[in-house]
Amino acid sequence: MTAPANRAREILARLLKAHPNPRLALVYHNPLELLVAVILSAQCTDARVNEVTRTLFRKYRSARDYAEADPAELEADIRPTGFYRNKARLLIACCRKLVADFGGRVPDSLEAMLTLPGVGRKTANMVLGNAFGIPGIAVDTHVARVAQRLGLAASDDPEEIERALMQALPKQDWVTASNVLILHGRETCTARKPRCGECVLRDLCPWPGKTA
DNA sequence: CTCCCGATAT
DNA sequence: ATATCAGGAG
């Protein structure tokens, strides 16, 4: 058992004390809804995504509904999430592939997920972990920032951060770790004005930018 | 690397 | 004014 692994486990244990059973803030009821919500969440707060999906999910109930959607209408339906033209196009392309290649269902493997338009490693791991319970680290902006500040990852490359965290933590903790690191990044280890004074990891954190 | 893109925090 | 928000495609 390596020293970095122990440090990572201590960090995770402390974060879990503050956030027992961390869940995504995105509201969804099935894998497709989670996939759509995560695609919409790019460069957008989850609160805004939830506002949009509250009505969106009543209107689009299957992959086929998105696949056959009128682009302009879907754009209007998701506009407040930003990047609406891109996201509408990606959602339609993604769901057309779901219909064509996967029987309209969200696939449960990373390789298959990564063939979908609009789905990268972050989206794939988020959906696989939270909808299917498949172990993986979803490296979003929060996980990347927190991991770097804590010295859990040397590189700023998301894929290397993913590997570093996977190496440092037992597989059964990967999904929980992703979720709790995201919560910690949103609430405490924020990008701009981190609340180091309230941070439970303060004594473990080597980040030079640490504030009072 | 740029582009997509609206809303909010600082 | 500008950085940032659960990124990915070309």
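Per chain, numbering begins at 1; letters A, B, ... match sequence-line order.
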What integer number of Å spans the P atoms of C:dA3 and B:dT2? 14 Å
Just how far, in rounded Å, is C1' of C:dC5 from CD of A:Glu187? 15 Å
Nearest-Å distance, CG (A:Leu26) to C1' (C:dG7)? 13 Å
Which parts of residues 64-103 of chain A get close to DNA chain C, meaning a heavy atom less than 4.0 angstrom away? A:Phe83, A:Leu90
Regarding A:Thr190, tell me which of base, sugar-phosphate or nothing describes its non-hydrogen contacts under 4.0 Å with the strands shown. nothing
I'd like to check A:Asp65 versus A:Ser62 (side-chain heavy atoms, cut-off strictly below 4.5 Å). Are they in contact? yes
Between C:dG7 atom P and A:Asp157 atom CG, what is the distance in whole Å? 16 Å
Does any donor atom in the side chain of A:Asn86 or A:Arg89 lie under 3.5 Å from an acceptor atom in the other side chain? yes
Interatomic distance, A:Lys193 NZ vs B:dT10 P [rounded to whole Å]: 6 Å
Roughly, in whole Å, what's the span from CD1 in A:Ile137 to P in C:dG7? 16 Å
Quick check: do A:Leu98 and A:Pro107 have side-chain heavy atoms less than 4.5 Å from each other? yes
Under-4.0 Å salt bridge between A:Glu75 and A:Arg79: no
Give the rounded distance in Å between these two atoms: CD of A:Glu159 and C1' of C:dG7. 14 Å
Criterion side chain to side chain contact (heavy atoms under 4.5 Å, CB included) on A:Leu110 and A:Arg121, from CA distance to verdict: CA-CA 8 Å; A:Leu110 183 61; A:Arg121 300 190 67 86; 3.8 Å; yes
Could you measure between the two P atoms, the one in C:dG10 and the one in B:dC5, and give it in whole Å? 14 Å
Heavy atoms under 4.0 Å, any strand shown: does A:Ala25 hit a base, just sugar-phosphate, or nothing? base
Rounded to whole Å, please give me the gap between CG in A:Asp140 and P in C:dC5. 9 Å
May I have the list of side-chain donor-acceptor pairs in residues 205-212 of chain A shorter than 3.5 Å, sequence neighbours left out?
residue: A:Lys210; atom: NZ; partner: A:Arg202; partner atom: O; Å: 3.2
residue: A:Lys210; atom: NZ; partner: A:Cys205; partner atom: O; Å: 2.8

Do the non-hydrogen side-chain atoms of A:Ser178 and A:Asn130 ever get within less than 4.5 Å of each other? no
Taking only the P atom of each, what is the distance from B:dC1 to C:dT4 in whole angstrom? 15 Å
Just how far, in rounded Å, is P of C:dC5 from CE of A:Met126? 13 Å
Cluster check A:Val143, A:Leu183: I/L/V/M/F/W/Y, side chain < 4.5 angstrom: no
Atom pairs, N/O to N/O, protein against nucleotides 2-4 of chain C, distance under 3.5 Å?
residue: C:dA3; atom: N3; partner: A:Arg192; partner atom: NH1; Å: 2.7

For A:Val119, which contact category applies under a 4.0 Å heavy-atom criterion: base, sugar-phosphate, or nothing? sugar-phosphate
Checking side chain to side chain contact (heavy atoms under 4.5 Å, CB included) against A:Leu56, which of A:Val49, A:Thr81, A:Leu40 comes through? A:Leu40
Would you mind classifying the nucleic acid contact of A:Ile39 as base, sugar-phosphate or nothing, using non-hydrogen atoms under 4.0 angstrom? nothing
Select base, sugar-phosphate, or nothing to describe what A:Arg186 touches, counting heavy atoms under 4.0 Å on all strands. base
Looking at A:Leu15, A:Leu181, A:Leu16, which one forms a side chain to side chain contact (heavy atoms under 4.5 Å, CB included) with A:Pro22? A:Leu16
